[in-house]
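For reference, the structure is listed below as C-alpha cells.
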Amino acid sequence: MSTGLRAFWQELTAVLQDKAVVVVMLGGSVFYALFYPLPYQLQVAQELPIGILDHDRSVMSRELTRRIDASESVNVVITVPDAPRLERMVRDGQLAGYVEIPARLHAQILRGEPARVAVYANAAYMVLYSETARAVSEAVLDFNAEIVEQRLLAGGRSPVLAENLPEPIALDRHELFNPDGGYANYIVPAVLVLIIQQTFLIGICMMQVGRARLPAGTAGLTVLTGRTLAYLLLQMTILLLYLVLVYRVFAFPSLGSTSLALLTLFPAFLSMILLGLALGTFFRTRETALQVMMLVSIPALFLAGFAWPAQVIPWPLDTLGWLIPSTAAIDAFIKTHHMGASLHEVRNSWLMSWVLAAGYGLAAWWLGRLSSEEIEGSLSPAASDQKR
Amino acid sequence: MIEVWRRELARFSSTPRLWWLLVFMPLLVSLVLWLIFSMRVPQDLPVALVDFDQSAESRALQRAFSATPGIALVSIEPDMGRAAMAVRRGEVYAVLVIPADFSRQIVRGEQPRLQLYFNRQTSTAGNIVLRDVTTATVTAGIGIDLSLGVLPAVLVDPRPLFNPGLDFARFLALPLTVAVLHVLMVIVAIDLTGRELRERTAGHWLASAGGRAGVALFAKLLPYFVWFCIFGGAILWLMARSLSLDIQGSVFAWLLAWCLLVAACFGLGLLLVSLLANLRLATSVASVLVSPAFAYSGMTFPVAAMSGFAAFWSFVLPLGHFLHFQTGQLAMGMSLRAGLIHLACLAVFAGLPLLTMGRWQRLLSDARFWGRA
C-alpha cells in the first residue's frame with residue numbers, strides 16, 4: 001500500500017475506533033442537526049396573544065376587532081378600555097401587544113374623516129413585533145379598503161374604480177427561495193454547515209493531541225493528504241445524511257442543485273479539515289479543543305453574514321470573518337443549494353475556500369513536522385497558552 | 001477554607017489557561033459581538049429596481065422608496081435575467097419591478113401591480129425590505145388618492161414599544177454575549193473540578209478542606225463565582241450602557257439575576273461532573289446542553305410559537321430564564337412578580353449540586369474515580 005493510502009486508512013480506522021471522537025464528531029454532528037431545528041418546527045409565529053384597547057365600543061370597533069382576530073398570526077385575548085392594564089400585561093410578557101381604537105372611530109368613519117388606529121407591540125422581541133405589527137396592519141388596511149370602496153360606490157363611481165382606488169398601487173409579494181418565510185428554513189441550513197465545521201474541528205483537534213510528527217519532505221505531505229481525505233469522506237457522509245435525512249424530516253425546501261452544493265462545499269470542507277489539522281497541533285489536552293470551539297460557534301454564526309447582513313458588519317471584522325471556513329462555506333452552500341446560484345455566481349466564496357484550504361494546508365504541513373516543544377518555542381508563551 | 005484558597009491560588013497562578021478563560025475570552029467575545037452589531041439597525045440594504053415604465057410617475061414612486069431608511073435602490077437595466085442574477089449573487093436582497101404601463105394605469109385608476117421578489121433566505125434583511133417597500137407603497141397610494149380627492153377611512157400607526165428605533169443590536173448583542181458567557185461559565189466550573197479528578201489531585205484538594213467535600217467545592221469555586229459576578233456583570237453593564245439602553249426596571253434585580261445565572265451555570269457544571277466523574281465526558285454533555293441553548297431561549301423565535309419538546313426544553317434550560325428576565329428589567333419594565341418564576345428556576349439550578357453532595361464525597365475520596373481520560 002502506498003504511503004498516502006495507508007495514512008488514509010489508518011486515520012479512518014483510528015477515528016472510528018476512538019470512542020470519544022466518534023461521539024463528539026459523528027454523534028455530535030447527527031445529534032445537533034436533529035436537535036437544533038426543533039424550536040422552529042412551527043416555522044412562523046401563530047396566534048400571538050394581543051389585546052384591544054377599545055375606546056369606541058361601537059359596531060365598527062367590534063367589526064375591526066373581529067377582522068384582526070381572524071388573522072392567523074394574532075389572537076385577541078382581551079378587550080378592555082384600560083390602557084395601563086394592557087400596557088402592564090405587555091410589560092409582564094402576557095401580551096405581544098395591543099391595538100388602540102380611537103373613541104370616535106365610528107363617528108369619524110361616518111363623517112368621512114380619516115381615523116387612526118395605533119398598534120403597540122413589544123419591540124424588545126423582533127419577531128413578536130414584526131409579526132404583530134404586520135398582521136394588524138394588514139387587517140386594518142383591508143378594513144379601510146372596504147369602507148372606502150363602499151363610499152366610492154355610494155358617491156357614484158364605477159365599480160371598477162371603487163374597487164381599485166382604495167389601493168391605487170398594488171404590491172404582489174413573491175417570497176424567493178423560502179416559500180412560506182419559515183424561520184427554520186432560513187436559519188437551519190446555514191447552521192448545519194456550521195455544525196459540520198465545529199464538530200469536525202473538535203474531533204480533528206482531539207486526534208491531533210499528542211500525535212507523532214509528520215515525516216519529513218513530501219512523505220509528510222502525502223500523509224497529510226491521506227488523513228485529509230479520510231475526514232473528507234466522513235464529512236461528505238454526514239452532509240449526505242443531512243441532505244437525505246434531515247431535509248426530509250423537517251421538509252426544508254431547496255431550490256438549487258445538490259451536486260453543485262457538493263462541489264462548492266468540497267474546497268470549504270478541505271479548508272475546515274486542514275484548519276483542524278493545523279490548530280490541533282497547539283492543543284495539549286483533548287477537552288481544550290472542545291472548550292474553545294464551544295465558545296466560537298456563536299460569533300462564527302453571526303460573522304457568516306446571513307443572519308445579520310454582511311453590509312452592516314464593520315469591514316475589518318467582516319474581512320477577518322472570511323478566515324473562518326464557515327463564512328465562505330455557508331455563503332456558497334446557501335446560494336447554490338437554496339437560491340439556485342451557479343458556480344460562477346458564487347465564485348468569490350468558492351475561490352476563498354480554495355485559498356483558505358491552501359493556506360491552512362501549508363500551516364498544517366509546517367506545524368505537523370515540528371514537535372510540540374518546537375511549536376511552543378515558535379510562538380510567544382501567551383499564544384500557546386491560549387490554545388492549551 | 002483558607003487552606004483551600006492558598007492551594008487554589010498556587011494552582012491558578014500556574015495555569016495560564018484559566019487566565020484565558022476568565023479574563024481574555026470574555027473580553028474578546030463580547031468585543032467581537034459588540035462590533036458585529038455596532039451599526040445597530042440595518043440600513044440601506046440594496047434592492048434592485050427594474051423600471052419598465054420610465055415615466056414621471058414611476059420616478060416619483062422611486063423617490064418614495066428611496067426615502068425609506070432600510071433600503072437603497074440600485075437601478076438596473078430592464079432585464080429580469082440580470083435582476084435574478086443579482087439576487088442569486090447576493091448583491092441585492094430583492095427586486096422591485098414597476099410594470100411598463102404604470103403611469104397609464106395610475107391615471108386611469110386601473111391599479112398597477114408592482115412586483116416584489118424578495119430573498120426570504122436571509123430573514124432579517126428580507127423582513128426589513130418587505131416592511132419598507134410595503135410602507136412606501138401604501139404611502140404613495142395615499143398620496144395618489146388624496147390628489148383624486150379620495151380620503152382614507154382608517155389608517156394604522158405602528159408604535160414599537162420598549163424599542164422605538166427598532167434597534168436590533170440591543171436585543172442580539174447583549175443576549176448573545178450572555179449566551180457565550182454562560183457557556184464559558186459552565187466550561188470553567190467543569191474544568192476546575194473535573195481536572196482535579198483527571199489529574200488525581202482530588203484527594204489533596206479534599207484534605208485541604210479538612211475532608212469535607214462541601215467545603216472543598218464551596219471554597220474552591222467561591223472566588224470564581226465572585227469573579228464572574230463582578231467581571232461579567234461589569235461587561236454586561238458596560239454593554240447595556242454603550243447600547244444606550246434606557247433601563248426601565250431595576251438594575252439591582254438585573255445584576256442579582258446575573259449572579260443567579262452564574263450560580264446556575266456552576267450548578268449545572270458541578271452536577272455533570274458529579275454524575276459522570278469524567279472531565280471530557282462532562283464537557284461533551286455540557287456542550288449538548290448549553291451550545292444550542294440560545295436557539296431554545298426564545299429571544300429570536302418566540303417561545304409562544306414553540307411546541308412539545310422544544311417548549312419544555314426552553315423552560316428547563318437556565319439561559320432563557322435569565323435572558324427574559326434581563327429584557328424584562330432592562331427594556332420592558334417588567335414587574336418583579338412576573339419575573340419571579342425566572343429567578344426561581346435559576347435558583348433551582350444553582351441548588352442542584354446540593355443533591356449530589358454524597359457522591360462528591362465519594363468522588364473526592366475514592367481514587368477509582370480519578371485519572372479517567
Side-chain angles (χ1 to χ4, degrees), chain A residues 24 36 38-40 42 45 91-92 109 114-120 122-124 127-130 133 137 140 143-144 147-148 161 164-165 168-178 181 183 186 286-287 290-291 294 298-299 302 306 309 312-314 317 334 338-339 341 345 385-386 388, chain B residues 16-17 20 32 35-36 39 42 88-89 109 111 113-117 119-123 125 127 137 140-141 144-145 150-163 166 171 176 180 183 187 279-280 283-284 287 291-292 295-296 301-302 305-306 310 327 331-335 338:
Chain A
V24 173
Y36 189 86
L38 289 181
Y40 313 129
L42 275 184
R91 285 186 191 280
D92 287 353
I109 289 175
R116 300 191 89 91
V117 169
V119 47
Y120 295 84
N122 186 348
V127 174
L128 226 51
Y129 171 76
S130 57
S137 298
V140 175
F143 185 61
N144 168 67
I147 296 170
V148 175
L161 266 185
N164 289 342
L165 279 184
I169 306 173
L171 180 67
D172 291 336
R173 292 174 286 192
H174 308 272
E175 306 193 323
L176 297 175
F177 319 126
N178 179 2
Y183 199 87
Y186 130 73
R286 294 188 131 197
E287 54 283 341
L290 186 54
Q291 294 172 336
M294 280 165 75
I298 284 180
F302 283 88
F306 80 100
V312 294
I313 297 177
L317 196 62
I334 296 297
H338 291 264
M339 295 165 55
E345 284 162 344
D385 289 339
Q386 174 193 7
R388 219 179 286 152
Chain B
R17 183 188 64 252
W20 277 95
V32 166
L35 280 173
I36 289 178
M39 299 266 196
R88 288 195 302 266
R89 292 168 67 132
Q111 197 186 45
R113 305 194 77 83
L114 305 179
Q115 307 296 316
L116 175 72
Y117 301 85
N119 186 350
R120 248 325 181 49
Q121 200 61 50
T122 56
S123 176
N127 279 334
T137 309
I144 290 169
D145 271 352
V150 179
L151 285 177
V154 189
L155 294 165
V156 61
D157 292 326
R159 303 267 172 82
L161 290 172
F162 319 131
N163 183 12
L166 289 179
F171 302 106
L176 285 171
V180 179
V183 172
I187 288 176
L279 171 60
R280 183 187 47 72
T283 312
S284 303
S287 83
S291 297
Y296 282 85
F301 192 73
M306 291 182 200
T327 306
M332 293 157 59
M334 178 186 273
S335 64

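Quick note on labels: first sequence line is chain A, next is B, and so on, each numbered from 1.
- Ranking B:L161, B:N163, B:T327 against chain A, the residue ahead of the rest is B:L161, based on heavy-atom pairs under 4.5 Å.
- If you tally non-hydrogen atom pairs under 4.5 Å between each of B:R280, B:Q111, B:M39 and chain A, the highest count goes to B:Q111.
- Taking chain B as the reference chain and counting heavy-atom pairs below 4.5 Å, the highest number among A:V148, A:I169, A:V24 is found for A:I169.
- In plain terms, the two heavy atoms of B:P42 and A:V312 that are nearest each other are CA-CG1, 3.9 Å.
- For B:Y117, the parts lying near chain A are the backbone and the side chain together; criterion is any non-hydrogen pair under 4.5 Å.
- Considering only residues two or more places apart in sequence or on other chains, B:R88 meets the side chain to side chain donor-acceptor pair (under 3.5 Å) condition with A:E345.
- Residue with the most contacts toward chain B among A:I298, A:L171, A:I147: A:L171 (heavy-atom pairs, distance under 4.5 Å).
- Proximity to chain B (any heavy atom under 4.5 Å) is shown, for A:F302, by both the backbone and the side chain.
- Heavy-atom pairs under 4.5 Å with chain A were tallied for B:A338, B:G141, B:P160, B:A310; the largest tally goes to B:P160.
- For a residue to count as touching a neighbouring chain, one of its non-hydrogen atoms must lie under 4.5 Å from one of that chain's; by this rule A:I109 touches chain B with the side chain only.
- Taking chain A as the reference chain and counting heavy-atom pairs below 4.5 Å, the highest number among B:P158, B:S287, B:G109, B:A140 is found for B:S287.
- B:D145 places no side-chain N or O within 3.5 Å of a backbone atom of B:L151 that could act as its donor or acceptor partner.
- Contact annotation for A:L317: only side-chain heavy atoms (C-beta onward) come within less than 4.5 Å of a heavy atom of chain B.
- The minimum heavy-atom distance linking B:M332 with A:R91 is given by the pair O-NH1, 2.5 Å.
- Between chain A and the options B:A331, B:A125, B:S284, heavy-atom pairs under 4.5 Å are most frequent for B:S284.
- Of the candidates B:D157, B:L155, B:V156, B:V156 is the only one forming a side-chain contact (heavy atoms from CB on, under 4.5 Å) with A:V140.
- Most heavy-atom pairs under 4.5 Å with chain A: of the set B:L114, B:L176, B:V183, this distinction falls to B:L114.
- Looking only at heavy-atom pairs under 4.5 Å with chain B, the residue among A:V119, A:D172, A:N122 that has the most is A:D172.
- Take A:Y120 and apply the ring-ring contact (aromatic ring centres under 6.0 Å, His included) test, not counting sequence neighbours, and it matches A:Y98.
- The backbone N or O of B:S335 sits less than 3.5 Å from a side-chain atom of A:D92, completing a donor-acceptor pair.
- Looking at every heavy atom in both residues, A:N144 comes nearest to B:P152 through OD1-C, 3.7 Å.
- With a 4.5 Å cut-off on non-hydrogen atoms, B:V150 touches chain A through its side chain but not through its backbone.
- The shortest non-hydrogen separation linking B:F171 to B:F162 is CZ-O, 4.5 Å.
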